[in-house]
Every structure is written in C-alpha cells, then in structure tokens.
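Quick notes on the structure that follows.
Every heavy atom of this structure was used, including side-chain atoms; hydrogens, water molecules and symmetry mates were not. Labels below follow one simple rule: chain letters A, B, ... track the order of the sequence lines, proteins then strands, and each chain is numbered from 1.
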Amino acid sequence: MEYNFKEIEKKWQKNWDAAGVYHVPNPAIGAEAKPKFYVLDMFPYPSGAGLHVGHPLGYIASDIFSRYKRLKGFNVLHPMGYDSFGLPAEQYALETGQHPATTTAKNIETFRQQLGNIGFSFDWSREVRTSDPQYYKWTQWIFLQIFNSWFDRNENKARPIADLVEIFEQTGNIPDNGQRQIPKTFSAAGWKAFSDDEKLEVLMEYRLAYSAFGEVNWCEALGTVLANDEVVNGVSERGGHPVEKKKMLQWYMRITDYAERLLTGLEKVEFSEAMKEMQRNWIGRSEGAEIDFKIRECDKTLKVYTTRPDTIFGVDFMVIAPEHELVAEIVSDSQKASIGEYLSYVKSRSERERMAEVKQITGCFTGAYAVNPFDGREIPVWIAEYVLAGYGTGAIMAVPCGDQRDYLFAKHFGIPITNIIGEYYNGEEANPTKEAILFNSGFLNGLKMQDAIGVALGKIEEERIGKRKVNYKMRDAGFSRQRYWGEPFPIVYRNGVAYALAPSELPVELPFVENYKPGPEGQGPLANIPEWVNVNSREVKLQLPVWHLIPDPLGIEKDDQSLVDVSLKRETNTMPGYAGSSWYFLRYMDPHNNEEFADRKFTDYWNQVDVYVGGTEHAVGHLLYSRMWTKLLYDLGYIGFDEPFKRLVNQGMITGKSYFFQVSDEKIISYNEDEVEPVFKRFKHGHNYVDTSARLAKSEFSKYSTESAGDSNELEIQWQNQGGDEFILLKEESEKMSKSKFNVDNPDEIIRHYGADTFRMYEMFLGPIEQSKPWDTKGIEGVHRFLKKFWRLFFDETKSRIWTKENPTREELKILHKAIKKIGEDTERFSFNTAVSAFMVCVNDLTDLKCRKKEILEPLLILLAPYAPHISEELYHELGNEEFIVDAVYPHAELKYLTESEKEYPVSINGKLRTTIIISLDELQEVVEKIVLANEVVKKWVADKPVKKIIFIKNKMVNIVV
RNA sequence: GCCCGGAUGGCGGAAUUGGUAGACGCAGCAGACUCAAAAUCUGCCGUUCGCAAGGAUGUGCAGGUUCGAUUCCUGUUCCGGGCACCA
C-alpha cells in the first residue's frame with residue numbers, strides 16, 4: 001500500500017472540520033478548568049497576492065507548538081484572524097473602484113483556503129477581522145477609554161479623567177500632584193471659572209488620546225499622515241514616496257507617558273535580546289540634567305539638557321534650535337539680518353535634505369551670550385539646525401573637546417576650544433571619554449569624569465541652577481489617518497471642541513462612499529460626505545463631560561438630548577493600522593461578546609499570550625502599541641495583566657532566490673532555467689535546478705535587449721573573456737520575496753507535489769526558526785523520503801499491513817525513549833529543525849532493526865502528530881484507535897530505557913591520547929580502578945608518568961591527567 | 001558613526017552546561033535490484049600522508065585561560081540586522 005498523501009490529507013482535513021476537533025470552547029463558568037496555554041500568530045494583512053512559502057513558516061511553528069502543548073494536557077488557545085483595515089486595499093480601491101470591503105473579503109477567502117491546505121489547528125470559530133463593525137466597535141470603545149484617561153505620574157499609571165477633574169476642582173493643577181506640567185497653571189477657583197470649552201481644552205492636554213496641532217509626517221502621494229515608524233529614511237515605508245513635515249490637527253496616543261514602564265516591562269518578558277535592544281533604542285532613555293544659563297543681555301534663562309554635566313567647564317558655546325522660542329528675544333540688532341536669513345534657509349530645507357546632508361555644518365551667531373553659572377564665563381549663543389527642537393529643551397551646551405559635532409562646529413566657525421580632559425584631547429578630534437581626569441574645571445578639578453557626573457549633579461541641584469532629568473527619544477504616536485479604510489473615530493465636534501460619543505452609539509460604522517479620493521485640505525475621503533459629517537445633536541448621543549456641575553448645553557445629563565438642537569461635525573480622520581492590532585489578542589478570548597470587548601473571567605483565564613510568533617518588522621510599531629494598550633487596560637482595571645506577550649519568537653524571513661544577468665547597475669536580464677526573458681526585468685526562476693554556470697554571450701546579447709534598454713555599448717558591460725568568447729556570468733541573490741521580483745514560491749504547488757505534511761516538515765527542517773534562509777526546494781525530497789519510509793514501517797508495497805503486536809526489545813524501547821526525550825526537548829525550545837532530524841534518526845534505526853511493533857510505533861505517531869498531523873492521524877486510526885490523535889496523551893521518556901548499566905567510555909590522557917574502557921556507571925569506585933588499569937594499558941603513550949588526576953566527565957568520557 | 005547578531009565540509013545545518021566536531025538532509029562517488037528507467041536498498045564522502053592499519057591537521061584570523069575550547073577571555077577581519085545630528 002502506497003503513501004497516498006493527497007487522499008489522506010483531504011480526508012482528515014474534512015473529518016477534523018466536521019468533528020470540530022480544533023474548536024476550543026471557553027471553560028464553563030465556575031468549572032474546574034484545565035491549565036491554559038495561549039499560542040498566537042501575528043495575524044496577517046490579507047493582501048491580494050495570497051500566501052507565499054515565507055508566510056506559513058511562523059504558522060507552522062506555532063501550530064506544532066499548539067498541538068504539542070495540547071498533547072501535553074493543556075487547554076490551548078490558538079486562533080487566527082485578519083488585520084483587514086489598511087492602505088493597500090484602499091489604494092487598490094482608488095485604482096479599480098472596487099469597494100475595499102469586497103476585495104478584502106475575497107482576499108480573506110483565498111487566505112483561508114490556502115491555510116486550510118496546510119492542516120492548521122486554528123479554532124476558526126474565534127476568527128476576528130479588524131474591519132468588522134462588531135470588532136471595531138470595541139476598538140472605538142477602547143479608544144474612548146484612552147481618551148477618558150490621564151496619566152498620574154505619582155502612581156505611574158493611567159486613571160479616569162474624572163479623577164483629574166476632581167483634583168482640579170480641589171487644588172487646581174499645582175505641581176507635584178501627579179499631573180504633567182503644562183504652561184497654563186490655575187487654582188481650584190481658576191478651574192471653576194473656566195468655560196466648558198476652556199475646561200475641555202485644558203483636559204485635552206492631559207488625555208492619553210488627545211488631539212493637537214503638531215508637526216506630522218505628511219505624505220503627499222499617499223494623501224495621509226504617517227507614524228514615525230512608518231517613515232524610513234525620509235520616505236514612506238509603503239511605496240517609498242517622499243514625506244514632509246506639516247502642521248496639522250491630529251490625534252495622538254500619549255505613549256511617552258508609558259516610556260518608563262515600556263522600558264522596565266521588557267525585563268519580565270522573554271523577547272530576544274535583539275528585539276529588546278531595538279525597543280530600548282526606540283524609547284531612547286537618557287539620564288542627565290537640565291541646567292539654566294542666564295542670558296547676559298536680558299532677563300531670560302536658557303535651559304539646556306545634557307547627559308554630561310561633568311563637562312560644564314568645557315562649554316565654549318551654546319546652540320539652540322532654530323525653532324526655539326528664545327531666538328527672537330535674544331537676537332542682537334547687529335545679528336538680526338543674518339539670523340533672519342538663516343531661519344529662512346532652514347525653513348526651505350526639506351526633511352529629506354536635512355537627512356541627506358547630515359555632515360553639512362550650518363549655523364548662525366545670535367549676538368547674545370549666556371553665563372556659565374559656575375565660573376561666570378560668557379558663552380556665545382548660536383542657532384543651528386543640528387539641534388532638534390523636539391528633544392530635551394531644544395538647546396544644548398556645546399563641549400567641543402568632548403563631542404565630535406560640537407568640535408566640528410567650533411572648528412568650522414573658529415570658536416576657541418577649551419580643553420578640560422588634558423592629554424585625552426589631541427586637538428584633532430573630540431574625545432567622548434568618561435575616563436579622563438578633569439582639568440580647567442573649577443570644583444571638579446582632579447576628579448575622574450565618571451565620578452564628576454554625580455558631583456556636578458549634586459552641586460547643580462544644591463545651588464538650584466538645574467535639576468536631574470530623564471529624557472526619552474520616543475515621541476507620542478500619531479493616531480490620525482486621512483484615509484477611508486480604517487476605524488472612524490467616535491468623536492464629534494461642536495465649535496471645534498471634541499466630544500466623545502456615548503457607548504450606545506458604537507460602532508460608528510464606516511459610511512459608504514462613491515470614491516476614495518482625499519477630501520479638501522488634506523482631509524480624508526470621509527470629508528466628502530457632508531450628510532455623514534454633519535449631524536444634529538438629536539441624532540447622536542454624547543458622553544457626559546465628566547464634571548457634573550456645569551450647565552448641560554447639550555441636554556446629555558437629562559437624557560433628553562433630542563430637545564436640544566445643536567449642529568455637530570464628525571471627525572473625518574480614521575484610525576491608523578495599528579489601532580485594531582493593538583488589542584486583537586484579547587478579542588480572541590471572547591470573540592462574540594456583544595456587551596464587552598471580552599469578559600474579565602475569560603481574560604483572566606486565558607491571560608497573557610504564552611508564545612507569540614511573528615516577524616521582527618513590528619519591533620517598534622505594533623509591539624510597543626499593544627504593550628501600551630495592555631498597560632492602559634490593566635491600569636483601568638479591565639484586565640489583570642500588564643504585558644500582553646510573555647514570550648516572543650521571531651521567525652526569520654524566507655528569502656527567494658533570483659537569478660539574473662547584471663548588465664549595468666540597474667538593469668538586469670532575468671534568468672529562468674530554460675529561457676532568458678528578452679526584457680530587462682526579473683523573472684521567476686521556477687523551483688527546479690538552475691544552471692548556475694549559465695552565461696550570456698555578447699553575441700547573443702542583442703536578442704535579449706529591448707529598445708528601452710539600449711544596446712550593449714551604452715551599458716558599459718564588463719564582459720569577461722575566455723578563449724575569445726565574451727560573456728557575463730549568472731548572478732544569484734537572496735532577497736525578500738515579493739511579486740515585483742518574481743521570486744515568489746507558492747505553497748500550493750509544493751503541497752500538490754509532496755503533500756502538506758512534507759511541506760510542514762520541510763519548512764521546519766530548513767534551519768533554525770529565527771534565522772533568515774533562502775527558499776530552496778532541493779532538500780524537500782529528503783523529507784518526503786522520510787515520510788515514505790515511516791509509512792513503510794506500517795505497510796508493505798504488496799502485503800499491505802505489516803505492523804505487529806509483538807513485544808518490543810529493550811533496544812527498540814531505547815530508540816523510542818531516546819526519540820521521546822530528544823523530540824520533546826527540541827519542541828519545547830522551538831528547535832524544530834533538530835527535532836525533524838531526530839525523527840529521521842529514529843526511523844532509520846527502526847528500519848535497520850526491522851521493527852514494526854505497535855508498542856513502539858504508536859507513541860512515535862503521537863510524537864509526529866504536531867509535525868505531520870495528517871499521516872499521523874491516518875496511521876493512528878490504522879492501529880485501531882477510534883478517537884482523534886489530538887486527544888491522545890504525549891508519551892514521556894522513561895529513564896530506565898535511556899541509561900545503561902555498562903557502556904564503552906573513551907579515555908583520554910591530558911585530553912589527548914585515547915583508548916576506551918567498558919565500565920559500569922553504578923559503581924564509581926570501580927570506575928576509578930579501571931581507569932588506573934587503563935593507565936597501564938596505555939603506558940606506552942604516557943611513559944611512566946604518575947597519574948595526577950582522574951577526571952570523570954559527565955558520564956561521557958574519562959580523562960587522565962599525568 | 002553607534003548598538004546588536006553571526007562566521008563550522010561542495011551546500012543547508014548539528015554539537016542543549018567547556019568534554020570523541022561535522023548529527024540529519026541535499027549534492028557527489030561506488031555498488032545491489034532491473035532488459036532499462038523510476039522507486040528502493042547498501043557502502044564511501046573535511047583536508048592531508050598511507051595499499052592498509054594508523055597518523056597529522058582542522059570550526060574566519062592572531063593570541064590567551066584550561067588536562068581539554070566551535071563553546072570562555074582579549075584583539076582583529078569580513079558578513080547580516082537595527083538606529084542614526086537624541087546633546
């Protein structure tokens with residue numbers, strides 16, 4: 001009987017589906033629940049291209065782990081869904097006029113089918129789609145929770161905005177009662193005197209989701225604002241369009257308030273060190289001091305931020321950002337003209353230019369001087385674009401002997417340099433050392449810089465000329481997109497003041513639009529629908545503003561809003577892609593709940609995601625946002641944990657191989673195994689053998705050239721010469737799979753050829769899960785052969801069934817238990833490639849012994865089931881089992897089969913020469929005697945030297961030191 | 001420039017805490033079965049000296065610690081990734 005994977009896989013996929021084996025209901029309330037385990041994949045954006053072989057890598061890994069944990073007795077939550085809002089669907093809609101909902105649904109259908117072919121154990125009854133109104137109702141609801149919260153800095157957590165109103169009513173916004181400091185200060189009486197709109201305006205400064213005018217990354221080509229992490233090198237991450245800074249009224253997440261907790265939270269999660277490092281860099285914490293410098297000319301102080309207060313005596317000039325508010329006030333009459341010129345120069349520079357010309361040194365003297373608070377030195381104040389307005393105080397004290405940028409600036413403008421680090425400064429470049437002993441440094445003289453930092457800080461605080469300060473590079477995250485295909489905000493405006501809609505108004509559904517073109521003045525497409533934008537207060541219910549004392553202009557409190565006639569405007573922006581993905585792992589726990597985003601009982605039960613599998617590309621985006629939302633929901637008491645993901649596993653990319661002839665820097669001729677495309681573009685290479693020694697002869701070149709490509713003379717091709725033949729060699733490159741590079745391999749093809757089980761095992765066999773690796777189908781035969789070999793332990797080609805119920809020998813049991821131990825350990829630590837190898841070793845051993853015994857084979861099937869579920873299921877039933885293999889119990893390795901009473905041990909002398917002896921593990925005394933005996937045996941090598949030491953190493957070998 | 005990774009046969013990769021380096025697979029070579037092919041099976045397979053037994057050498061490079069180093073330490077080269085005027 002042949003291994004007919006097609007039939008087997010179809011059959012079991014159907015049976016599993018019909019029996020609902022992968023449906024995992026929530027535990028009954030009050031019932032004793034099994035221990036839980038939550039395995040989650042980063043849900044995909046359903047793109048039109050469908051799956052390629054790189055996609056399922058993580059899904060296969062998580063599927064193996066889920067199945068394994070289930071066999072180990074855990075109640076495993078393993079759901080899947082779609083991050084279905086997003087830019088590409090909308091771009092596609094713009095081009096073709098099809099509604100994004102239609103194309104998204106179609107794409108999801110394709111994904112679902114492709115995923116189904118691979119035999120995953122997802123619980124599809126829990127599927128979520130972020131674009132489903134029943135889902136985004138709760139995205140909007142959570143947004144309102146964030147909107148209605150502020151961050152208490154004393155308690156270091158989010159609290160309801162109502163608490164803040166209470167504080168204001170009692171004490172105003174005095175410092176040190178936990179609020180962020182804003183320029184506008186007021187007493188309790190002052191607060192009470194504010195109008196409604198003024199109060200709301202003040203509260204907006206505190207809300208964790210707030211709207212404000214801000215410099216945003218505006219992308220003209222995409223017609224939208226992008227978050228910092230969506231901009232790469234001054235161009236958009238998607239599409240590579242130029243991005244410029246623009247002031248716009250935008251919604252933001254006040255993620256900076258969580259900076260410290262996002263940082264310290266990393267200590268209690270298992271992410272790779274690289275991933276943690278990326279997040280730490282992004283958050284960018286630095287400890288330092290804010291120091292006040294008096295301006296000589298007027299009664300102003302210049303506040304600078306520095307991490308090196310120890311260098312304060314080395315300050316030779318000050319630099320403030322061109323946008324700094326003090327510029328206009330301190331500029332001297334004689335410098336007014338040149339400063340004005342410089343400012344307009346800075347304004348003319350695009351973000352891109354500034355990025356590209358980092359090395360260029362520009363700046364302008366203001367004519368003003370600052371006074372060093374310690375020695376009274378007068379220090380010139382400059383403006384320069386290299387100082388950023390948005391970081392620290394937007395002003396720095398420049399120490400040219402210690403900071404390379406300051407050094408170059410000083411040299412460029414001929415500012416004299418003070419040396420405070422003695423011989424550590426060579427006069428040719430700055431030295432940022434902390435080792436030097438300080439010179440020319442007043443009270444710090446003779447101190448090592450490292451120690452001087454603390455001394456200087458102490459003095460600064462003591463003399464009240466500054467204070468310790470921690471800064472973060474991370475900025476608040478933009479939360480508005482001028483797009484159609486996203487969650488509408490549950491916000492309306494009255495005279496430009498934002499009001500939250502009442503929860504009963506949720507979901508605010510996306511209205512239908514005729515076209516997806518941007519609205520006027522950079523607004524989103526929703527602005528094109530006046531009948532949706534303009535609403536009357538009779539039609540919608542608003543949330544009550546939190547202070548109850550003021551008159552109720554909208555009639556909200558009396559619940560008869562209908563009596564009041566106020567015209568309102570809806571927010572026309574939509575939420576960004578990361579909104580829906582910041583909390584989806586919670587929805588899976590209770591996906592059909594209409595009353596809450598998820599019942600607290602179930603979020604308590606399923607709790608954190610135990611293993612989260614996905615790519616590294618979300619390091620500073622999705623992962624930070626979802627960590628923040630989780631912390632916020634925790635602070636407000638909606639969930640019981642403040643880190644969403646306990647352990648993160650990053651699967652590497654599977655790269656595609658492209659083959660091509662490079663004819664110039666940009667132009668290449670693609671290569672396929674048996675054809676060279678006569679166009680200058682890449683071409684799919686197929687997945688058979690490619691003749692890597694293929695050549696393109698100069699004489700053949702014109703055949704493949706097209707008009708647009710030009711001829712060989714123009715392209716300056718480096719022809720190689722061999723025996724009079726001129727040619728170029730084929731080049732090979734591994735790169736990210738993408739449609740445009742024609743290097744995409746589709747899993748369906750592989751599955752048709754070899755089956756899902758082979759595909760699954762092969763993807764795991766390729767190499768460590770975390771590592772990027774090129775897709776290469778050459779090795780797939782080996783894995784397929786393994787499965788066929790495994791099959792032949794049960795069936796013969798002619799006789800059919802050959803497995804027996806004989807009792808296994810000790811040797812056979814040893815092979816089995818070794819496999820159980822090894823494969824179990826490997827699976828546990830996500831080392832699936834070595835686990836697959838262990839299967840191969842085990843099956844080879846059993847084949848050698850001609851072992852066909854049920855007692856050996858059945859446990860092996862359970863081991864194999866997570867990796868190759870279809871063939872295991874078939875054979876498990878063949879052995880006479882009625883239930884599904886997922887409900888089996890994972891075997892455990894018994895030690896008695898793994899250890900031996902006697903074994904051959906290698907013996908080395910001084911770690912070099914070797915012989916072997918056979919000894920018993922049980923009696924160590926005997927071991928030593930035998931080693932000494934062995935010493936006699938090997939005397940010809942050691943030449944009568946006395947034995948100094950006998951080392952018995954890890955029950956594995958013996959070393960004699962002479 | 002800064003911060004993380006990594007470097008092992010012809011190739012992908014094993015070696016889990018310092019303990020017989022190269023598991024497993026691919027490719028290759030030789031053989032069995034076959035009219036033949038496919039499929040399957042057996043043996044060999046880092047380099048080097050040797051008919052062989054056996055020896056020498058070998059984990060990017062140079063050192064160090066150790067009885068013993070792919071593993072730990074110092075320096076160095078190359079490759080990959082992240083950040084990039086953040087004071």
Which listed nucleotide ([options]) is nearest to the side chain of [X]?
{"X": "A:Val841", "options": "B:U16, B:A23, B:G12", "value": "B:A23"}
{"X": "A:Glu385", "options": "B:A14, B:C24, B:C85", "value": "B:C85"}
{"X": "A:Tyr386", "options": "B:U16, B:C85, B:A39", "value": "B:C85"}
{"X": "A:Arg792", "options": "B:U40, B:A15, B:G13", "value": "B:U40"}
{"X": "A:Arg785", "options": "B:A14, B:C24, B:U40", "value": "B:U40"}
{"X": "A:Gln771", "options": "B:A15, B:A23, B:G13", "value": "B:G13"}
{"X": "A:Val387", "options": "B:C4, B:A87, B:G13", "value": "B:A87"}
{"X": "A:Ala274", "options": "B:C4, B:C24, B:U16", "value": "B:C4"}
{"X": "A:Lys789", "options": "B:A87, B:G12, B:C41", "value": "B:C41"}
{"X": "A:Glu277", "options": "B:C4, B:U40, B:A87", "value": "B:C4"}

Next on the checklist: Which is more 5' along RNA chain B, the nucleotide nearest A:Tyr762 or the one nearest A:Tyr305? Just name the residue.
Outcome noted: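 Per heavy-atom nearest nucleotide, the more 5' residue is A:Tyr762.
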Checklist entry - Taking only N and O in the side chain of A:Asn844, is any of them less than 4.0 Å away from OP1 or OP2 of B:G25? => result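 Yes, A:Asn844 has a side-chain N/O under 4.0 Å of OP1/OP2 on B:G25.
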Item to check | Ion pair A:Lys276/A:Glu267, N-O distance below 4.0 Å | outcome: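 A:Glu267 and A:Lys276: not salt-bridged.
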Checklist entry - Would you call A:Lys822-A:Asp826 a salt bridge at under 4.0 Å N-O? => result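 A salt bridge is present here (some side-chain N lies under 4.0 Å from a carboxylate O).
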Item to check | Interatomic distance, A:Met397 atom CE to A:Tyr305 atom OH [nearest 0.5 angstrom] | outcome: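 Reported to 0.5 Å precision, the distance equals 11.5 Å.
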Next on the checklist: Can you tell me whether the base of B:G54 sits syn or anti, using the 90° cut around 0 to define syn?
Outcome noted: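 This nucleotide is in anti.
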Checklist entry - How about A:Phe790 and A:Asp757: do any of their side-chain heavy atoms sit closer than 4.5 Å? => result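 They are not in side-chain contact.
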Both distances below 3.5 Å, Watson-Crick or wobble geometry, any strand: find the nucleotide opposite [N].
{"N": "B:U57", "result": "B:G46"}
{"N": "B:C83", "result": "B:G1"}
{"N": "B:G18", "result": "none"}

Checklist entry - What heavy-atom pair brings A:Ala430 and A:Gln404 nearest, and what distance separates the two atoms? => result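 Looking at all heavy atoms of both residues, the closest pair is N-OE1, 2.9 Å.
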